[in-house]
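Below: the structure, in structure tokens.
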Amino acid sequence: MAEILLTSDRTLMSDYHKNEFLGFGTCAPPNFVPEWLFTYLFFPHMKTKGGIPKTAPYGLRKVEAQLLKEGFNVATVSPRYLHRFIGKAKVLGIHVMDPFGLGPASSTLASILKKEPYLAKHFKKLLGLREILEAKKHGLKIIVGGPGAWQFKYRPDFVDKSGIDCVVEGESEKILATLFRSALNGEQLPKHYDVNIKDVPQTFEIPDIVNPSINGLVEIGRGCCRGCEFCNVTTRPLRWYPVEKILREIDVNIKLSKNHGVCLHGEDVMLYGSSNVMPHEEKLLQLHREVLKKADSISWSHCSLAAVAAKPKLFAQLSEMILSKQRWWGAEIGIETGSAELAKKIMPAKARPFKAEEWPEVVKQGMGLMHDHFLAPAGTLIVGLPEEREEDLLKTMELMDDLKDCRSLIVPLFFVPLGKLKSEDWFKKAQLTELHKQLLIKCAEHDFRWAGNLMDITFTDKWYSPALKGGYKFFTWIAKRKTRQQVKEFHG
Ligand code: SF4
């Protein structure tokens with residue numbers, strides 16, 4: 001039995017029916033769909049063998065790999081079966097993405113629907129498990145980390161009450177061994193450990209995963225060069241992994257999970273291997289060529305509209321390679337605003353190599369190319385930025401009109417103070433103006449229009465695909481009706 005256990009709550013320990021986009025459902029609060037059905041549709045339980053999950057969140061796999069490399073006795077377990085392992089454990093590591101629902105998507109939905117999102121509910125549920133409370137009485141140390149670690153600074157009481165010994169914020173590879181060793185020795189741990197910039201690992205210091213990640217996700221690099229003011233990623237240096245490292249991790253996923261699908265994870269996949277804002281053609285093509293020799297399908301975690309618009313021929317080439325294996329692929333993109341003025345203030349480098357003044361044009365070009373080449377993006381808009389004016393909102397609404405024929409989902413998110421804007425105020429539902437409401441409605445109508453098309457091209461390959469598709473279509477139908485009711489109330 002392992003001395004160190006790693007886990008996450010059930011909203012993270014799911015393969016989302018092999019579709020990462022569905023994971024966004026975890027940001028919603030309990031709603032008009034019965035909980036059992038919603039849970040099944042958006043975050044079904046992960047399959048396990050003897051309590052060991054078939055695949056696990058990539059971040060948790062990195063922690064596991066680092067601890068194994070340093071000689072620790074560690075196991076990643078499903079939260080459902082923690083009771084089987086926890087008796088012998090001395091330390092429990094928990095991976096978090098959005099533990100209190102303070103992230104942009106979940107806080108927006110929570111604010112509108114006035115309920116706690118599923119992901120926050122399940123995080124609390126995990127820490128309240130009887131087996132964890134019991135193990136705490138016998139000295140279990142709890143260490144929490146992951147992209148959502150920043151949220152604990154807003155909930156210091158929760159940290160004390162729930163028995164968390166240490167929260168780690170930042171890239172932890174180089175400091176994990178010291179922390180876990182101290183925990184095993186029963187020593188006092190720092191309540192909140194911010195990883196110092198000098199401890200951020202270089203690529204050769206980041207271990208390969210040794211067990212499979214959810215949906216074949218593999219990192220291709222870390223950091224971003226664009227420096228948007230509202231973003232946390234800007235604090236990290238830009239690093240790209242060599243192709244060989246990426247392929248080794250894909251091999252682990254294919255060999256151990258039999259999943260031949262690959263999700264390339266980077267803040268801007270189009271900039272793979274580049275040290276500036278122009279895509280590096282050779283490296284990007286080589287990456288895709290090599291990955292496609294192994295993979296059945298590819299998706300991208302994120303890409304920038306500017307890099308797509310800057311290299312339309314390269315993008316077409318990539319699309320041709322990817323579409324030789326599948327009908328479409330997805331990526332998250334940041335639109336944020338349709339106002340060139342606002343873009344200049346809060347994300348001056350987002351449009352590069354184009355000028356910030358050209359941002360709305362860059363968005364239209366990039367989205368048009370994505371539509372033509374079957375990349376279906378999930379785009380975000382930020383509502384309530386500190387410097388936002390009515391004129392900016394009108395420009396964003398104009399942009400939404402221009403994007404109506406682009407196959408995409410576009411989600412408006414309330415401003416969350418992060419990055420260089422972390423001392424600003426949160427945006428709340430009470431601050432919604434008539435224009436904000438109109439923008440929210442426009443986005444909802446856009447998404448309802450394209451959701452059906454996306455479902456049709458997504459759920460095709462399994463015997464149960466028609467039933468699953470029926471479930472999502474039913475959900476979308478009810479959501480549409482509810483939204484229209486809300487619209488009436490907004491204006492009533
Ligand atoms: S482009 Fe995206 S990841 Fe990069 S700084 Fe801007 S918001 Fe962050």
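No hydrogens, no waters, no symmetry mates; every other heavy atom, side chains included, goes into these values. Indexing begins at 1, ligand by ligand and atom by atom, following the structure's order.
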Listing residue and atom name, which protein N/O/S atoms are closer to atom 8 (Fe) of ligand 1 than 2.8 Å?
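Listed by chain and number: C231 SG.
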For K245, which residues count as a salt bridge (charged side-chain N to carboxylate O under 4.0 Å, His left out) partner, sequence neighbours excluded?
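Only D208 meet the salt bridge (charged side-chain N to carboxylate O under 4.0 Å, His left out) criterion with K245.
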If the condition is salt bridge (charged side-chain N to carboxylate O under 4.0 Å, His left out), which residues does K54 pass it with, not counting sequence neighbours?
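K54: no salt bridge (charged side-chain N to carboxylate O under 4.0 Å, His left out) contacts found.
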Taking the six-membered ring for Trp and the single ring otherwise, decide whether the centroids of W329 and F374 are under 6.0 Å apart.
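Between W329 and F374, the centre distance exceeds or equals 6.0 Å.
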Just checking Y16 against F21, ring centres under 6.0 Å apart?
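Ring centres of F21 and Y16 not closer than 6.0 Å.
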So is M347 touching ligand 1 or not, going by heavy atoms under 4.0 Å?
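Checking ligand 1 against M347, which is what was asked, there is no heavy-atom contact under 4.0 Å.
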Salt bridge E171-R239, side-chain N to carboxylate O under 4.0 Å
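So E171 pairs with R239 through a salt bridge.
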Less than 4.0 Å between a side-chain N and a carboxylate O, is that true for R222 and E173?
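Salt bridge flag = yes for R222 with E173.
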Which side-chain N or O atoms in residues 302-318 pair as donor and acceptor under 3.5 Å with protein atoms at least two apart or in another chain?
from	atom 1	to	atom 2	distance (Å)
H302	ND1	G266	O	3.3
S304	OG	R226	NH2	3.2
S304	OG	D268	OD2	2.6
S304	OG	A307	N	3.1
K311	NZ	E281	OE2	3.1

Considering the heavy atoms of K350, write down every atom of ligand 1 situated less than 4.0 Å from one of them.
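Listed by number with element, the hits are 1 (S), 2 (Fe), 6 (Fe), 7 (S).
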